[in-house]
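Structure first, commentary second.
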Amino acid sequence: MGTDSFLIDTDFDTGADAAGLCEFIDASPSPFHACATVAARLTAAGFTEIVETDPWPREPGRYLLRRAGSLVAWVSAGDDPTRPFRVIGAHTDSPNLRIKQHPDAERAGWQMVGLEPYGGALVATWLDRDLGVSGRLAVRTDAGVEHRLVRIDDPVLRVPQLAIHLAEERGQFKLDPQRHLDAVWGLGAAPESFIGHLAAQAGVAESAVLGWEVMTHDLTPSAVTGVSGELVSAPRLDNLATCYAGLEAFLSAADRAAAGETTADPVLVLFDHEEVGSMSERGAFSDLLTSTLERTVLARDGDREDYLRALAGSLTVSGDMAHATHPNHAERHEPAHRIVAGGGPVLKVNQNLRYASDATGAAAYAAACDKAGVPLQRYVHRADLPCGSTIGPIAASRTGIVTVDVGAPQLAMHSARELMAAADVPMYAASLAAVLV
Ligand code: ZN
């Protein structure tokens with residue numbers, strides 16, 4: 001399917017496209033950077049960032065808050081405390097290789113940096129790539145502990161493969177995450193510690209760095225590829241493609257919500273830690289979404305009853321990427337549920353609730369796709385393969401809100417380099433925009 005062989009209702013055309021997605025991904029090598037990228041876009045669109053330790057704003061308006069690698073944004077459009085929410089959810093984290101606490105080592109004349117996998121990374125895809133480093137440092141200052149984003153886009157690290165001649169069985173070498181994923185940083189004795197190197201990049205003394213969450217990223221820029229520019233080749237499509245589409249959808253709905261043209265308040269929630277189970281103060285299991293929604297109700301002089309009434313009328317669309325049918329491995333897919341790249345967004349259904357979608361949520365999303373003029377594909381995993389999961393079932397059980405799991409088709413999920421169709425970017429964003437209005 002070419003890039004102009006679909007028709008988006010112009011009311012829901014968000015302006016999202018493949019080039020915008022590439023720019024968004026390249027600006028966002030870590031969950032902290034993804035939140036900074038989103039926050040900058042929202043702030044430019046008139047959103048005010050608030051801090052959870054401050055009193056909640058009582059005036060209607062556009063707001064966002066961050067908890068480290070997670071972010072919530074919402075438009076508070078009126079003073080009815082029972083007004084429902086339309087929530088778009090996604091996750092900011094992606095599988096990768098992260099820096100250990102004592103990373104420095106010297107082995108066989110090489111300067112090494114200790115790495116370990118985060119989430120279900122396809123670790124072989126991380127080998128022989130020029131890697132940069134990004135994340136955040138917790139730094140001691142006169143005012144207390146402050147967090148500093150750090151990002152190095154020089155090719156400082158590399159995890160070299162074992163030569164084929166040295167493998168026990170050629171081409172069959174199995175990677176051990178403890179022994180085989182440390183990165184080469186240089187030769188001989190290190191002039192400084194790796195954390196000292198990061199500290200210098202951040203302009204602070206190494207002794208001031210008290211904690212860090214730092215990870216590697218492939219330095220190859222995202223690209224529009226394919227014979228007619230119909231593909232997007234990029235890292236972290238799972239799930240920055242949804243963060244991007246959700247952000248564009250949310251921004252397009254914000255004006256209409258603020259003008260009182262929507263029946264529900266739009267909310268965008270982007271969670272960290274989905275790839276490792278969501279169990280943290282900022283993951284989908286946390287109170288990040290529920291406390292934000294409840295405090296917006298309380299700020300309208302509502303009470304617990306009003307909050308529960310608002311939730312009962314709400315809807316969450318949980319966006320995470322979906323598996324396009326793989327051309328070289330078509331037998332790994334459910335044969336009656338082929339998913340076509342460029343064929344439009346995907347409704348994800350699983351009878352064992354690895355996805356939250358039920359008939360009510362499915363109907364809401366199908367109706368939104370219809371409104372936006374984009375085709376909808378329906379995904380079911382093979383019954384003889386274990387199905388992945390996402391934030392949908394977790395957010396649904398935490399909030400009691402009807403939730404539907406959706407996504408855009410891609411190949412090579414959890415690879416350092418993933419692939420999707422350019423045409424799915426605007427269609428996915430349009431479908432999410434139609435959910436919000
Ligand atoms: Zn995902």
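Residue numbers start at 1 and run along the sequence shown. Just so you know, ligand 1 is whichever comes first in the structure, and atom 1 is the first atom listed for that ligand.
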Got an N, O or S from E274 under 2.8 Å of the Zn ion (ligand 1)? no
Taking D287 first and then R295, would you say they form a salt bridge - that is, a charged N and a carboxylate O separated by under 4.0 Å? no
Would you say D320 has an N, O or S atom lying under 2.8 Å from the Zn ion (ligand 1)? yes
From the list R148, R98, R136, salt bridge (charged side-chain N to carboxylate O under 4.0 Å, His left out) with E213 holds only for R136
Looking only at N, O or S atoms in D238, which is nearest to the Zn ion (ligand 1)? OD1
Taking R67 first and then E281, would you say they form a salt bridge - that is, a charged N and a carboxylate O separated by under 4.0 Å? no
Please determine if R256 forms a cation-pi arrangement with F12, meaning its NZ or CZ atom is less than 6.0 Å from the six-membered ring centre and no more than 45° off the ring axis. yes
